[in-house]
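The chains referred to below are lettered A, B, ... by the order of the sequence lines, with proteins before strands, and numbering in each begins at 1.
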Protein chains: 2
Amino acid sequence: MSASDITMMRIMARWQGGAAERLKEAALTLFQSHGYDGTTVAEIAAAAGVTERTFFRHFADKREVLFFDQNAFEGVFLAALPASGAPMELVTAVLAGAASLFPDERRPWSRARQAVIVGNVALQERELLKMSLLAVALTRALTERGIDPVDAALAAEAGVAVFRTAFAAWIADGEERPFPEIQTEILNRLRALL
Amino acid sequence: MSASDITMMRIMARWQGGAAERLKEAALTLFQSHGYDGTTVAEIAAAAGVTERTFFRHFADKREVLFFDQNAFEGVFLAALPASGAPMELVTAVLAGAASLFPDERRPWSRARQAVIVGNVALQERELLKMSLLAVALTRALTERGIDPVDAALAAEAGVAVFRTAFAAWIADGEERPFPEIQTEILNRLRALL
DNA sequence: AGCGTCATGTCAGTCACTGACATCATGGGT
DNA sequence: ACCCATGATGTCAGTGACTGACATGACGCT
């Protein structure tokens, strides 16, 4: 492939839209083949037919390209929140609503993505941050419904812990049960523990 | 102060030991006065009388200088762990042992440090990672005591959530109760919620 | 005095990330 | 058909975190 061919591809790609989508796909593919640290942002951008600068216009940093989709979680979580109820009733409702995020078809993709994340501490940090932001948003929503702030924080943290544990089990090797079933079981286990 | 004076100070500081300690103090001071982002590693190193390269020999990265002390938490946590018992009994014992980490004299220092952390997302990420590592270590210790892995993970996450919430309350403006008292109350609150 | 060890200094280099400015396709108004 | 505002992109120079390779100085031991 000549340099002029590459130039032509760039020009074609430049205005065809969906740059963010192409960047996300290119990033995951490259992370799988060369590892997260072994992949530069410049390489991801080149694979998507854009420049490095454009990458950073779509994503705040290199890690964010793997977590962009998760930004929608907060909306889905809060959408399932009833107007009133006891703390753990509200959290249970939220978890039921969140289950729709993980249909069985999505499992292979989630497994691939998670394999990249567990291989890099910086990515785990970002995942923890996203979960924490979820807990903070949930805490605030519970507080707005008249729940004591400390109770709200504890209920939200417990809910997110159940969610995270259920997700980990859902993508574990050999696991085939659907997400909602797993999550319900884990919530019951937590109840039994305390 | 002349350039040769600075050189002399460098030489004097070079072999007086405690470089890591000086770096930690210099870092916190500079973070408080200029902010985390507004402080470069080179500035921290200069304030401690060493070079930037030496900073990175003591701390894996810029953030770690604020979290180095927390690495001892894991040992303190696990040291208080009984040889056997029900999951939440074990976690309760661990929390009681952890209380010794936060005597009242330490509160002002903790408040200063936490003020820096809440002002920067990257530092919050690192704090979440440290808490997560704590939960992982606790999960493993519980599993080694014959507890089912999922139960162990849930109990550990719950324990760390209580610890974190208690710490946040202990640091809060106007709070004067000692850490153990706060933590016990929060643990009881979590029990009441579920 | 000679020697090994360990903490440190020096230097060059990579890469993530940013600000400033230029460029180009698109859509709407004239 | 022309023009212009807009938004997405390219280009370029720069900063700062972090690393590898190698040199040097202080200390303890013999």
Side-chain angles (χ1 to χ4, degrees), chain A residues 3-24 26-27 30-31 34-68 116 120-126 129, chain B residues 3-24 26-27 30-31 34-68 116 120-126 129:
Chain A
S4 66
D5 286 340
I6 294 177
T7 303
M8 281 309 296
M9 287 174 58
R10 279 265 175 81
I11 292 172
M12 285 163 54
R14 184 170 178 177
W15 297 108
Q16 79 188 23
E21 213 57 42
R22 296 200 310 275
L23 285 165
K24 282 190 278 185
L30 288 171
F31 291 164
H34 298 87
Y36 177 80
D37 285 333
T39 305
T40 68
V41 172
E43 288 167 352
I44 299 169
V50 296
T51 64
E52 193 179 357
R53 191 67 182 84
T54 293
F55 177 97
F56 287 109
R57 288 204 177 92
H58 286 279
F59 307 103
D61 56 52
K62 183 182 173 185
R63 287 176 282 166
E64 197 64 15
V65 70
L66 269 179
F67 293 90
F68 190 80
V116 173
N120 186 279
V121 187
L123 293 174
Q124 294 168 42
E125 276 188 303
R126 179 56 51 86
L129 178 68
Chain B
S4 66
D5 286 340
I6 295 177
T7 302
M8 282 308 297
M9 289 174 58
R10 279 266 176 81
I11 291 172
M12 286 163 53
R14 182 170 179 178
W15 297 109
Q16 77 187 25
E21 213 56 42
R22 296 200 314 273
L23 284 165
K24 281 191 277 185
L30 288 170
F31 291 165
H34 298 90
Y36 178 79
D37 285 332
T39 305
T40 68
V41 172
E43 288 168 351
I44 299 169
V50 296
T51 63
E52 192 179 358
R53 192 67 182 82
T54 292
F55 178 97
F56 288 110
R57 287 202 178 92
H58 286 278
F59 307 103
D61 55 52
K62 183 182 174 186
R63 286 175 283 167
E64 197 64 15
V65 70
L66 269 180
F67 293 91
F68 190 79
V116 173
N120 186 279
V121 187
L123 293 174
Q124 293 169 42
E125 276 188 303
R126 180 54 52 86
L129 178 68

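Contact annotation: the side chain of A/V65 never approaches that of A/H58 to less than 4.5 Å [non-hydrogen atoms, C-beta and beyond].
Helix-axis bend for the helix from C/dA1-D/dT30 to C/dT30-D/dA1: the local axis fitted to the five terminal pairs at one end deviates from that at the other end by 10°, rounded to 10°.
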* To do: Report the C-alpha separation of A/R63 and B/E125 in whole Å, then their side-chain angles, then the decisive distance to 0.1 Å, and conclude whether the salt bridge (charged side-chain N to carboxylate O under 4.0 Å, His left out) test is met.
  => CA-CA 13 Å; A/R63 287 176 282 166; B/E125 276 188 303; 3.2 Å; yes

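Between B/T39 and B/L30, the shortest heavy-atom distance links the atoms OG1-O, 3.3 Å.
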* Asked: What string of B, S and - do you get for nucleotides 16-21 of chain C 5' to 3' if you count protein non-hydrogen atoms under 4.0 Å?
  -> SBBBB-

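In this structure, CD1 of B/I44 is placed 13 Å from P of D/dG16, rounded to the nearest angstrom. Note: CD (B/E64) to P (D/dA17) measures 16 Å, nearest angstrom. The separation between B/L23 atom CG and D/dA17 atom P is 14 Å, rounded to whole Å. Between A/R22 atom CZ and D/dA8 atom P the separation is 14 Å, expressed in whole Å. Distance A/H34 NE2 to C/dC15 C1': 17 Å, rounded to the nearest Å.
Of the possible polar contacts, one joining the B/E43 side chain to the B/T40 backbone as a donor-acceptor pair under 3.5 Å is found.
For A/K24 and A/F59, the positive end is not near the middle of the six-membered ring at less than 6.0 Å and at most 45° from its axis.
Contact annotation: A/H58 side-chain N/O to D/dA8 OP1/OP2 distance is not under 4.0 Å. Put simply, B/T54 has no side-chain N or O that comes within less than 4.0 Å of OP1 or OP2 on C/dA7.
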